[in-house]
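Data block below; observations after.
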Amino acid sequence: MEPVRVVLAGAHGHGWWHLSNVRRLTEAGLVELVGVCDVRPVDDLPAGVEFSGDLAGLIGRASAEVTILCTPIHTHAELAERALRAGSHVLLEKPPAATYAGYERIAAVVAETGLACQVGFQSLGSEAIPAIRRMVAEGAIGRVTGIGAAGAWERPYTYYSRVPWAGRREVDGVPVVDGALTNPLAHATATALAISGAEVGDVEVELYRANAIEADDTSSVRMRMDDGTVVTVAVSLCADRRHEPYLIVHGEEGRIRLTYTEDRVEFDGTSAVHPRTDLLENLVAHLRDGTELLVPLERTRGFMRVLEAVRLAPEPTAIPDVFQEVGAERRVLPRIAEVTASSAERLALYSELRVPWSGRPRRAEGVTPAGAGRTVPGPGDGARKPLGGDALRPVLVAHGRQVAEYVVAPELPPTSSPRPYLHPVRTLGGTTVTEVAPADHVHHLGVSIAISDLGGGNFWGGRTYVRDAGPTWLGDHGTQRHLGFSWRDSSGFGESLAWEGPDGVETAREARSVRVVELGGCWALDMSFALTNLTGEPLPVRSSATKGRAGAGYGGFFWRAPGTADGRRVFTADAEGEDAVHGSTAPWLAMASADWTLVFVQRDDPWFVRVVEYPGAGPALAWETPLLIEGTLRRRIVTVVADGRLDPGDAAALAAEVAR
């Protein structure tokens, strides 16, 4: 086999690595270096290697089959086009371009010429990625709920003065986007997207800088994929030392960790290092025997959408010196490696981790290649409805009418066990059927998921029942913290939440789904949750009833209805009244007033219901004995919301319809 003739464009900086790699493959008889293109002289080139500043001319004279482009980011699009039009295949350093438009420009020429363009995300040459994808496909960790990546490196001041474009967002009005997310730690995002395999939906970006630069040196991003998966990346160039970047693939039944710089996969107490294929070697094999490219340009489209979101985001927020260790050689953000690790664990942005130098998220939600919008882009967006409400208060719509609002981050005292909730929830006729913080129970919050005792933490609010002592203030209140939406539109949303105990430690991770179901003349709220134990040992769910308070089995999904409603009654298919229905295991339960009816449908747990003292209902997770969560607890309840008072026959018919 004849060696592939190679030209290298950009021989300084990282170009020296490519020169060394070409020498290695030359010794193996796979390639031959025939030319080097640069604006500065290059010493000690092998005999017979032509040096020139004219890339297209050099490719033609040297009959180069492959051009390695290792030039400044903002030159990639133009030089890639020149190389392709000169008849050369291209190995293009990451990121592919400084803008999505530049990426599309290269893609158009690739399609026109039929030549190959391999992008230099070396981590994507690792066999660890297909290995992890096989593990996921085989169900090793159950359904994937998210992927979190973390990376913390150190960079001296000289890193940003080595070339004119380092740490810049633009040079002379031309986009560069040389930030932590898009260049030095770009592999974190690219690798996470490769493992996901889904299309990028919308993107949230937070950019910060400790150094006096234009671009970000400390950043976090959250992507919502079109399959519902949440992907987060948190990186910094301001660590005290180099910490090897890694990813965690979160599943409902386990997790996989990939240290991508080492190709190391850790799962269930085992550790395996996988081989990696050099991308130039792969490109040569593609040209000589048709081997499939590992990183064709098309595979980097999702990464470029993230880069575009970074480019269009507001300028990075400067981190005050008071939060840094400012040294003679570099700036350090204390414990930043722990912060990035926490992001990967919780799938959270910096602003959601209570980092003192972070502010509120500055979202680029709905960023498309052309800019920002208010819809979730990606394949199949024609079926998506416009986003309802805003990021902190989504709105749900049924039959063209606003029927509910979801409060993501309520401002509540710790004693109310702060958590997201739905309120107001309305019938199609506009009657409100929820109540928040009523005088009788200020910790009742519309429609929410609340547990009176989860592993010793009060996630219900109010006083905690103590055996032989009664309700007692213990200071044991937990918080449900919103991590992000995996998808969101006017028909509902998927959400990830962290259940944090009174000490701030995450006890459990919840995946929540809320959907609107349109019915004839009414609508239904379909709500499900999967609560995953993170403690490493059985996690007990207790109610006051399990501690000796008879009948107080509340805990789980709970709907607080308005206490002002007249003519309240409660019934099932074969029982009526609070005493008869409370504790029953009927497949549906209806609560009605003169103006509205709620029909709750579920089959897992006994019913907790109040109608005389106040109107409220929900399934009881721990009716008389504690429930132990070993892995993941899953529950689903569908609630029909109807105008007027329904009779048992109508309620039964609607219950049967939504139970299908």
Side-chain angles (χ1 to χ4, degrees), residues 3-26 30-99 102-103 105-110 112-113 115-122 162-166 171 174-178 182-183 186 278-284 286-287 293 295-297 300:
V4 170
R5 298 170 66 82
V6 174
V7 160
L8 172 64
H12 296 281
H14 188 59
W16 286 109
W17 181 91
H18 283 287
L19 275 175
S20 176
N21 193 44
V22 167
R23 292 190 191 101
R24 178 183 68 85
L25 295 181
T26 297
L30 296 177
V31 304
E32 177 187 358
L33 182 66
V34 294
V36 171
C37 181
D38 209 309
V39 295
R40 292 179 291 164
V42 178
D43 298 330
D44 300 324
L45 288 178
V49 175
E50 181 181 351
F51 177 84
S52 172
D54 173 17
L55 180 60
L58 176 60
I59 291 170
R61 291 190 300 274
S63 300
E65 295 177 77
V66 168
T67 298
I68 302 171
L69 278 177
C70 187
T71 58
I73 300 169
H74 53 295
T75 67
H76 283 188
E78 180 181 351
L79 293 181
E81 180 175 3
R82 286 187 193 177
L84 290 163
R85 293 199 182 283
S88 173
H89 304 278
V90 172
L91 173 60
L92 177 62
E93 257 303 335
K94 55 81 186 166
T99 66
Y103 162 82
R105 175 183 175 183
I106 301 171
V109 181
V110 168
E112 177 186 338
T113 61
L115 296 171
C117 180
Q118 175 111 292
V119 180
F121 282 112
Q122 290 290 341
R162 72 192 194 283
V163 290
W165 52 270
V171 172
V174 177
V176 176
V177 204
D178 182 41
T182 52
N183 193 11
D278 175 74
L279 297 183
L280 178 56
E281 197 167 348
N282 172 246
L283 177 56
V284 169
H286 173 74
L287 300 181
L293 285 180
V295 198
L297 183 67
T300 66

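The structure displayed is predicted, hence computed values, not measured ones.
Here the OH-CG distance, from Tyr103 to Leu297, works out to 4.5 Å after rounding to the nearest 0.5 Å. We find the CD-OG1 distance between Glu78 and Thr71 to be 9.5 Å, quoted to the nearest 0.5 Å. Between the CG atom of Leu79 and the OG1 atom of Thr67 there is a distance of 10.0 Å, given to the nearest 0.5 Å. Note that the CD1 atom of Ile73 and the CG atom of Asp178 stand 4.5 Å from one another [nearest 0.5 Å]. One distance of note links CG of Leu280 with CG of Leu30; it measures 8.5 Å at 0.5 Å rounding. For the atom pair NE2 (His89) and CD (Gln118), the distance works out to 12.0 Å, reported to the nearest 0.5 Å.
A salt bridge is defined here as a Lys NZ or Arg NE, NH1 or NH2 lying under 4.0 Å from an Asp or Glu carboxylate O, and Glu65 with Arg5 fails to meet this definition. The pair Glu112-Arg85 counts as a salt bridge, with a side-chain nitrogen and a carboxylate oxygen less than 4.0 angstrom apart.
When atom types are taken as modelled, the side chain of Ser88 and the backbone of Ile59 share no donor-acceptor pair closer than 3.5 angstrom. Side chain of His76 to main chain of Pro95: a donor-acceptor pair is present (N/O by atom type, distance under 3.5 Å, no hydrogens or angles). The backbone N or O of Pro41 lies less than 3.5 Å from a partner atom in the side chain of His12, making a donor-acceptor pair. Put simply, the side chain of His18 never gets that close to the backbone of Ala11: no donor and acceptor are under 3.5 Å apart.
Taking each heavy atom of Pro96 and Val119 in turn, the nearest pair found is CG-CG1, 3.8 Å. Listed here is the closest heavy atom pair of Val171 and Pro164: CG2-O, 4.4 Å. Taking every heavy atom of both residues into account, Ala98 and Pro175 meet most closely at CB-O, 3.3 Å. Among all heavy-atom pairs drawn from Ala62 and Val34, the shortest one is CB-CG2, 3.6 Å. Closest approach of Cys70 to Gly15, counting heavy atoms only: SG-N, 3.6 Å.
At least one side-chain heavy atom of Leu283 sits less than 4.5 Å from a side-chain heavy atom of Leu293. In this structure, the side chains of Val7 and Leu55 come closer than 4.5 Å at one or more pairs of heavy atoms. Using a 4.5 Å heavy-atom cutoff, the side chains of Leu115 and Val90 are not in contact. Cys117 places a side-chain heavy atom less than 4.5 Å from the side chain of Ile106. Using a 4.5 Å heavy-atom cutoff, the side chains of Asp278 and Gln122 are in contact. Contact check for Leu19 versus Leu8: side-chain heavy atoms found under the 4.5 Å cut-off. The shortest side-chain heavy-atom distance between Arg24 and Asn21 falls under the 4.5 Å cut-off.
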TODO: Apply side chain to side chain contact (heavy atoms under 4.5 Å, CB included) to the pair Asn183 and Lys94, showing each step before the final yes or no.
DONE: CA-CA 7 Å; Asn183 193 11; Lys94 55 81 186 166; 3.0 Å; yes

- [ ] Go through Ile68 and Val6 one step at a time and tell me if the side chain to side chain contact (heavy atoms under 4.5 Å, CB included) criterion holds.
- [x] CA-CA 7 Å; Ile68 302 171; Val6 174; 3.8 Å; yes

Open item on the list: Working note: Val4 + Leu25, criterion side chain to side chain contact (heavy atoms under 4.5 Å, CB included); need CA distance, chi angles, decisive distance, verdict.
Closed with: CA-CA 10 Å; Val4 170; Leu25 295 181; over 6 Å; no

TODO: Go through Val284 and Val66 one step at a time and tell me if the side chain to side chain contact (heavy atoms under 4.5 Å, CB included) criterion holds.
DONE: CA-CA 9 Å; Val284 169; Val66 168; 5.7 Å; no

